[in-house]
**Q** 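Structure in structure tokens, see below.
All figures in this text were calculated on a predicted structure; none of them were measured in a lab.
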2 protein chains.
Amino acid sequence: MSKARRATMTDVAREVGVTAKTVSRVVNDEGPVSEETRARVLAAMTRLGFQPNLMARNMRVGARDSTIGLVIPDMGNPFFGTVASAVEAAVRPRGLTLIVGSSEETPERERSLISTFLARRVTALLVVPSAGGDHRPMRTERSAGLPLVFLDRPANGLTADAVVSSNRGGARAGVAHLVAHGHRRVAFVGDVPALYTRRERFQGYRDALAEAGIPYDRSLVEVGHDHEAAAAAVARVLAGRDPATAVFAANNFASTGVVLGLASLRRRDVALVGFDDLPLAEVLDPPLTVIAQDPAAIGRAAAELLIARLNGDRSRAQVVTVPTRLIARGSGELPLADP
Amino acid sequence: MSKARRATMTDVAREVGVTAKTVSRVVNDEGPVSEETRARVLAAMTRLGFQPNLMARNMRVGARDSTIGLVIPDMGNPFFGTVASAVEAAVRPRGLTLIVGSSEETPERERSLISTFLARRVTALLVVPSAGGDHRPMRTERSAGLPLVFLDRPANGLTADAVVSSNRGGARAGVAHLVAHGHRRVAFVGDVPALYTRRERFQGYRDALAEAGIPYDRSLVEVGHDHEAAAAAVARVLAGRDPATAVFAANNFASTGVVLGLASLRRRDVALVGFDDLPLAEVLDPPLTVIAQDPAAIGRAAAELLIARLNGDRSRAQVVTVPTRLIARGSGELPLADP
DNA sequence: TTGTAAGCGTTATCAT
DNA sequence: ATGATAACGCTTACAA
């Protein structure tokens, strides 16, 4: 069973006894076509299972096709999923289709995906840059007029539109909240230092400590990029002879991991503030206090920026910061236990 | 600032003083090119910011391009995110790029996405069918040799490869588990009845009741498609004069909603088994007993099926069922309280 | 109402 | 080692 060649316009035309151009007219509802030919063409189209080849069309028309590409680091993280959904919802009414690829947080995969999208001549490109990537090569695209928006993290080595959370301010507020409840030994569990969001949130952590006159202690800073690592990290910061009494978890995976870690240590006395909200936050014991991000707002803002660019906005690149919000639920208000 | 036209091979060729074909040779590392020309071409390419136009290439070569399309109903649901990640990981080593679009669980969006992918001549298509969709039109694609695999739910009106969870058996095991702990008033909180997975899991629920000789009671069956709805649903089944003493939640959103609902009712005595695992299941109070699915295995199985088809496997369509696993953590083992 | 010719950016084929 | 020409499937511009 040889792989059947896909029917083309010419095939349909031959079948009906007309020219490709006539079929084209029917397909695009353009120009005058007699009712009879139209009917016969349509019949032949279904008979042959004809699907217009969009690549050929776009090439001829010169138009970029109506898809916009989005590169995210991880499909399994609901944060990025929600961002993607919001972008989708915002661009769809404009007749644009969102297609998403995952870079798995590696610069190499990211480059390759961006190439794929560019080579397919997407209408616009949205990128959540992975740590260590270099976006200078995309300068060309930008000056060629390709709308380009960076999400959650700004571009590296390139001035371009970006939408980010209020990472530093949010983290500072979260840590200050813990300090306000008497804690002076506050651990930081976050991503690898190479990550923009982790750097910003870490700065916020240090801001809050500095404001409170609390000396910075390196041994309270841990990397917890997934649940297991974060659970192990929290065990370490609670183990020393001058242990942490509170923890700031710098992202949703870290929060989950810390919660799991505290539970397995049967520690209910450790205060915790997490960055990014969790669906089950309020039923945890104690309920989880968080610095909530607004992933949907991030997606919407990025889509707006992008659409403005598509509509010819040539103003200079701007960085939109989406505010975060402290939601006190219990875990962040645990007081410092008297020793 | 007029939109700069993107550089083409001919542009590069002219710049260097050679033919497009020579540039093509350099780009594709194909055929003999003198070291000197190669260098000059490469230089011109970067200078002009040349990016080969994949659409043109694919058109000429006639090959489908090396992307595979995946349609999922919801980007924000980690279940589908994990499935997508697994597919990505499995196809990448084959040099294939996964692009994902979201149908938002509507047949119309699904059709439109599939068209987009087909018109772009993806190498293969993976679809999580949304409720109410009709896949008969895709018969043509299938017989044209386009690898086509359905995920999580089988196609409607079309015999095609599919990978699904052991929905009915898993649900039956979960409900039987509750029954084994003395419960005879077991509520079912799930998706809308139109959904395949909900129908299957509902059948499993009824199987378990029938085996135990427990009469089916319609008033214990509720729809909870999101957290709020599920929380409201659980309140209803606990309210009547012959209330439920146990709940089976038929998906991860329903589980979360039921947990939230029980918490706000301050009910810790209601037994609960959820379909699909949650990251925080074990720290809930009581820890959540689940019928765990294996989304990664589903993604991998789909990718394997797809790759086999790409390699010319023309055997008849098969449906792969991925087993589920009961994980007892506490909530499902709460005994029936003596009245 | 329909057709013809040319061309979008590539590459296959056959020359040179 | 390089080039000329045609072709992929479609649409534009102009004829018939």
Side-chain angles (χ1 to χ4, degrees), chain A residues 3-42 44-45 48-66 115-116 118-123 144 146, chain B residues 3-42 44-45 48-66 115-116 118-122 144:
Chain A
K3 177 168 293 193
R5 200 179 56 89
R6 175 172 286 282
T8 115
M9 267 196 182
T10 323
D11 296 334
V12 177
R14 189 173 27 232
E15 177 95 353
V16 182
V18 294
T19 321
K21 177 68 231 196
T22 304
V23 179
S24 165
R25 288 201 175 93
V26 174
V27 170
N28 300 304
D29 256 333
E30 161 230 287
V33 179
S34 81
E35 257 325 308
E36 199 225 324
T37 1
R38 144 173 271 99
R40 285 170 51 220
V41 167
L42 287 173
M45 274 172 42
L48 270 53
F50 170 75
Q51 289 268 145
N53 185 331
L54 249 204
M55 297 192 306
R57 167 173 224 287
N58 286 329
M59 202 172 85
R60 172 65 239 223
V61 175
R64 305 192 146 271
D65 68 9
S66 59
S115 291
T116 303
L118 289 178
R120 285 155 163 288
R121 301 296 188 258
V122 292
T123 298
L146 201 243
Chain B
K3 177 166 294 190
R5 202 178 55 88
R6 173 172 286 285
T8 113
M9 268 196 181
T10 322
D11 297 333
V12 177
R14 190 174 25 235
E15 177 95 354
V16 181
V18 294
T19 319
K21 179 68 225 196
T22 304
V23 178
S24 167
R25 288 201 175 94
V26 173
V27 170
N28 300 303
D29 258 334
E30 161 230 287
V33 180
S34 81
E35 257 325 308
E36 200 224 325
T37 3
R38 144 173 270 100
R40 286 170 51 220
V41 167
L42 288 173
M45 275 173 40
L48 270 51
F50 170 74
Q51 290 267 146
N53 186 331
L54 248 204
M55 296 192 306
R57 167 172 225 286
N58 286 330
M59 201 173 87
R60 171 65 240 220
V61 175
R64 309 194 144 268
D65 68 9
S66 59
S115 291
T116 304
L118 288 179
R120 293 229 155 50
R121 301 296 189 257
V122 292

**Q** Can you give the donor-acceptor pairs under 3.5 Å from side chains of residues 10-19 of chain B to other protein atoms, not counting sequence neighbours?
**A**
from: B:T10; atom 1: OG1; to: B:T8; atom 2: OG1; distance (Å): 3.3
from: B:D11; atom 1: OD1; to: B:R5; atom 2: NH2; distance (Å): 3.2
from: B:D11; atom 1: OD1; to: B:R14; atom 2: NH2; distance (Å): 2.7
from: B:D11; atom 1: OD2; to: B:R5; atom 2: NH2; distance (Å): 3.0
from: B:D11; atom 1: OD2; to: B:T8; atom 2: N; distance (Å): 2.8
from: B:E15; atom 1: OE2; to: B:R47; atom 2: NH1; distance (Å): 2.3

**Q** For the pair made of CG in B:N58 and C1' in C:dC8, what is the distance, rounded to whole Å?
**A** 15 Å
**Q** Do you know which two heavy atoms are closest between A:R38 and A:V33, and how far apart they sit?
**A** N-CG1, 3.8 Å
**Q** Identify whether any heavy atom of B:S34 sits under 4.0 Å from a base atom; if not, whether one sits that close to sugar-phosphate; answer base, sugar-phosphate or nothing.
**A** sugar-phosphate
**Q** What residues, two or more places apart in sequence or in another chain, satisfy salt bridge (Lys or Arg N to Asp or Glu O under 4.0 Å) together with A:E35?
**A** none
**Q** Can you tell me the distance, in whole Å, between the CZ atom of B:R14 and the C1' atom of D:dG3?
**A** 16 Å
**Q** A:T22 side chain N/O closer than 4.0 Å to the phosphate oxygens (OP1, OP2) of C:dG3?
**A** yes
**Q** Please give me the minimum heavy-atom distance between B:Q51 and A:R121, naming the atom from each residue.
**A** O-NH2, 3.0 Å
**Q** Sequence neighbours left out, what passes side-chain contact (heavy atoms from CB on, under 4.5 Å) with A:L54? Give chain and number order.
**A** A:R57, A:N58, B:A119, B:R120
**Q** Suppose we screen for side chain to side chain donor-acceptor pair (under 3.5 Å). Which residues come up paired with B:T37, at least two apart in sequence or across chains?
**A** B:S34
**Q** Once salt bridge (Lys or Arg N to Asp or Glu O under 4.0 Å) is applied, do any residues pair with B:R25, and if so which ones, sequence neighbours excluded?
**A** none
**Q** How does each nucleotide of nucleotides 10-16 of chain C score, in 5' to 3' order, for protein heavy atoms under 4.0 Å: base (B), sugar-phosphate only (S), or none (-)?
**A** BBB----
**Q** Does a side-chain N or O from A:T37 land closer than 4.0 Å to OP1 or OP2 of C:dT2, or not?
**A** yes
**Q** Over its full length, what angle do the end axes of the helix from C:dT1-D:dA16 to C:dT16-D:dA1 make, each axis taken from five pairs and the result rounded to 10 degrees?
**A** 40°
**Q** To the nearest Å, how far apart are A:D29 CG and D:dT11 P?
**A** 12 Å
**Q** Among residues at least two apart in sequence or on other chains, which ones pass side-chain contact (heavy atoms from CB on, under 4.5 Å) with A:S115?
**A** none
